[in-house]
There are 2 protein chains.
Amino acid sequence: MTEPEPTVSAPLVGLAAAILAATLDEPRVLTVPVAGQPDGRGEGLPAGPLEPAHPTLERGLRAWVERQTGQSLGYVEQLYTFGDRNRRRGGQGEGGLHALSVAYLALVREARPAADATWQSWYRYFPYEDRRAGRPPALDALTDRLEAWAGAATDPEQGRRRSDRIGLTFGAAGSGWNEERVLERYELLFEAGLVPEAGASDHIAGQAMAFDHRRMLATALGRLRGKIKYRPVVFELMPPAFTLGQLQRVVEALSGVLLHKQNFRRLVAQQGLVEETEAVTAETGGRPARLMRFRREVLLERPVPGLRLPSGRPG
Amino acid sequence: MTEPEPTVSAPLVGLAAAILAATLDEPRVLTVPVAGQPDGRGEGLPAGPLEPAHPTLERGLRAWVERQTGQSLGYVEQLYTFGDRNRRRGGQGEGGLHALSVAYLALVREARPAADATWQSWYRYFPYEDRRAGRPPALDALTDRLEAWAGAATDPEQGRRRSDRIGLTFGAAGSGWNEERVLERYELLFEAGLVPEAGASDHIAGQAMAFDHRRMLATALGRLRGKIKYRPVVFELMPPAFTLGQLQRVVEALSGVLLHKQNFRRLVAQQGLVEETEAVTAETGGRPARLMRFRREVLLERPVPGLRLPSGRPG
DNA sequence: CCGATATATGCTCACATTGAGCATTTACCC
DNA sequence: GGGTAAATGCTCAATGTGAGCATATATCGG
């Protein structure tokens, strides 16, 4: 009855990885050059087709990433499978063939590029997502363009819906900024034609990427920003020993907002996420900080805590 | 560089849907008969292969579901793409060919089966997930078998890890029950060989399904149980007008735990999720309740609230 | 009509969590 | 030795959460 008839479809299945790290208080993503792309879209995520030799999707992904970047992956999590033929402007998808991509999120500890892979800041691709220095001034230009798009809607009702979405995702007057809505913001910019991936000629909304890789990256950032709140995944990005200050700066780099220092420490402490080591560190001026390490045991304990980010502080 | 070479792979891509509803305080899933399956595995989810005629994955899914069940889908969300060749014991996957399935979660309002599709209770497939009447007695037998499996590990370290996982997912002595870990519990039972999908001959852990459809269903239940806490998705399952008592019983049915009535009402009220209608209803004995309706406007408001389930009450 | 029973609904209270800030400690730099 | 920069310790008000008590308003069986 529901037995698939193994004749009809033979789509291409691609695997792609958003490999994330945090070095020197800056969140990074591992990128590779992509040939044959339109101007300004020559950067992409490590990716490759699923091959018969791959025992599982994830193993196939790991193989491609190692081949292309030399990076071996630790924490890996499936993100989403993208299949919109319509979205594909970068090559594939001709005829009735589907080009389907399974995207993954990977977290790694260190940044040592290999081959022609390079680490880039997340905010190269999403400059408006970094609010650590307050609301980026460039955001005004963006929302102006978005509102212009909303105003150009065919009927008033559609225009109102567009305005609502802009307010919801970019944080209207009264409403706040939700740092998890990375994908929704990118989708809005895409629909409004403000990104090169959708035909725009300027890079007002950040550096473009090949295929729909920037959409995958947006998905990854949103997922990670959400996940650090209820799972201790930040520690996948930290060195074995770190200070609470470093930990906080990494969390701030990932989430793009600043946090209240004392409350952050209280949270980490009462969740039992870390334990002290004997060592302290000198750092740049100020009182030396104690080096901490992640308490692996929390993975076996009850509520499996994360770092519920508070609402942030002014800056 | 990372350009996929369109030669190597031509995997079969399937689409499958866990279509969920809640009728008469019981959570339901729409199932179809599946031919050619081993004994006791003749039930499955609506599914079919991705076809070139399908413009997008989701549109392909909707087409298959309507063809097989007559049900048209409202809320649809992608769950996960399953691709483990090894897991596939039910037919496909021979040779080096991958059989890849993109699973979806769908929420619908009413239950009116068509063709030979039937609505079944979730708890037919996961009896141990229903704790509304307290801890199910059958759970003891299950955890006994699981602990036996842990004890039969090749080395003590592995056995300890297994015991830890059992305690974590099924709620050990001191630790509580986390209703969202449906998939982890099923995976554990699978690994322990306690489900027919993994070769077991009895149905101690609930009714089996064709292929890996029960795994997909577990993924769907876990996702929905999590999502109702931070998005107002329950209302996709409710009729246009309902009482707070009905709403609570649906939430309890989905999550499998009982809630404190007064606190539930306070939560719903202060989140502004519903508004009163003029009507009241008679019901079965007791004071008549006011009929409420979902406030669609909340979708446009700030924190996009859900129904954070409290820890539950004894029962 | 009366009381028993079953929900619905209103309200209180102790306790935990959260957002914000003040104060002190301990290093380095000049 | 004084100035500067973090790290660390503590307090306090506001809010949120878990549990119950009390009241309102139906139906049902005599």
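Proteins get letters first, then strands, A, B, ... in listed order; numbering begins at 1 in each. We use all heavy atoms of the structure for the numbers below, so side chains are in, but hydrogens, waters and symmetry mates are not.
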Return the set of residues passing side chain to side chain contact (heavy atoms under 4.5 Å, CB included) with A/Arg249 (not counting sequence neighbours), or none when no residue passes.
A/Asp25, A/Gln246, A/Glu252, A/Glu283
Please write out each protein N/O paired with an N/O of nucleotides 9-13 of chain D under 3.5 Å, distance rounded to 0.1 Å.
unit_1: D/dG9; atom_1: O6; unit_2: A/Gln262; atom_2: NE2; d: 3.3

Tell me every residue that passes ring pair (Phe, Tyr, Trp, His ring centres under 6.0 Å) with B/Phe242, counting only those two or more places apart in sequence or in another chain.
B/Phe235
Taking CD from A/Gln246 and P from D/dA6, how many angstroms apart are they, rounded to a whole number?
13 Å
Taking atom P of C/dT17 as reference, at what distance in whole Å does atom CG of A/Leu267 sit?
11 Å
Gap between atoms CD and C1', on A/Gln271 and C/dA16 respectively (whole Å):
13 Å
Using the test salt bridge (charged side-chain N to carboxylate O under 4.0 Å, His left out), find all partners of A/Glu77 that sit at least two apart in sequence or belong to another chain.
A/Arg223, A/Lys227
What is the distance, to the nearest angstrom, from the CZ atom on A/Phe264 to the P atom on C/dT17?
18 Å
Go through the steps to decide whether A/Arg290 and A/Glu276 satisfy the test salt bridge (Lys or Arg N to Asp or Glu O under 4.0 Å), and finish with yes or no.
CA-CA 7 Å; A/Arg290 183 157 298 278; A/Glu276 298 187 346; 3.6 Å; yes
Say whether B/Glu26 and B/Ser121, considering side chains only, have a donor N or O and an acceptor N or O under 3.5 Å apart.
yes
Would you indicate which nucleotide in D/dT17, D/dT8, D/dG20 comes nearest to any side-chain atom of B/His260?
D/dG20
B/Gln248 CD to C/dT7 P, in whole Å, measures 12 Å
Tell me, for nucleotides 25-30 of chain D in 5' to 3' order, what letter each nucleotide earns: B for a base near a protein heavy atom under 4.0 Å, S for only sugar-phosphate near one, - for neither?
BB----
B/Thr277: partners by side-chain hydrogen bond (donor to acceptor under 3.5 Å, both in side chains), with sequence neighbours left out
none
B/Asp25 CG - C/dT7 C1' separation (whole Å):
14 Å
Any donor-acceptor N/O pair, A/Glu236 side chain to A/Arg109 backbone, under 3.5 Å:
no
Does A/Lys261 make a side-chain N or O approach to OP1 or OP2 of D/dA7 shorter than 4.0 Å?
yes
Pair A/Arg215 + A/Glu187: basic N to acidic O under 4.0 Å:
yes
Can you find a heavy atom in the side chain of A/Leu217 that is under 4.5 Å from one in the side chain of A/Phe126?
yes
Between C/dT9 atom C1' and B/Leu244 atom CG, what is the distance in whole Å?
9 Å
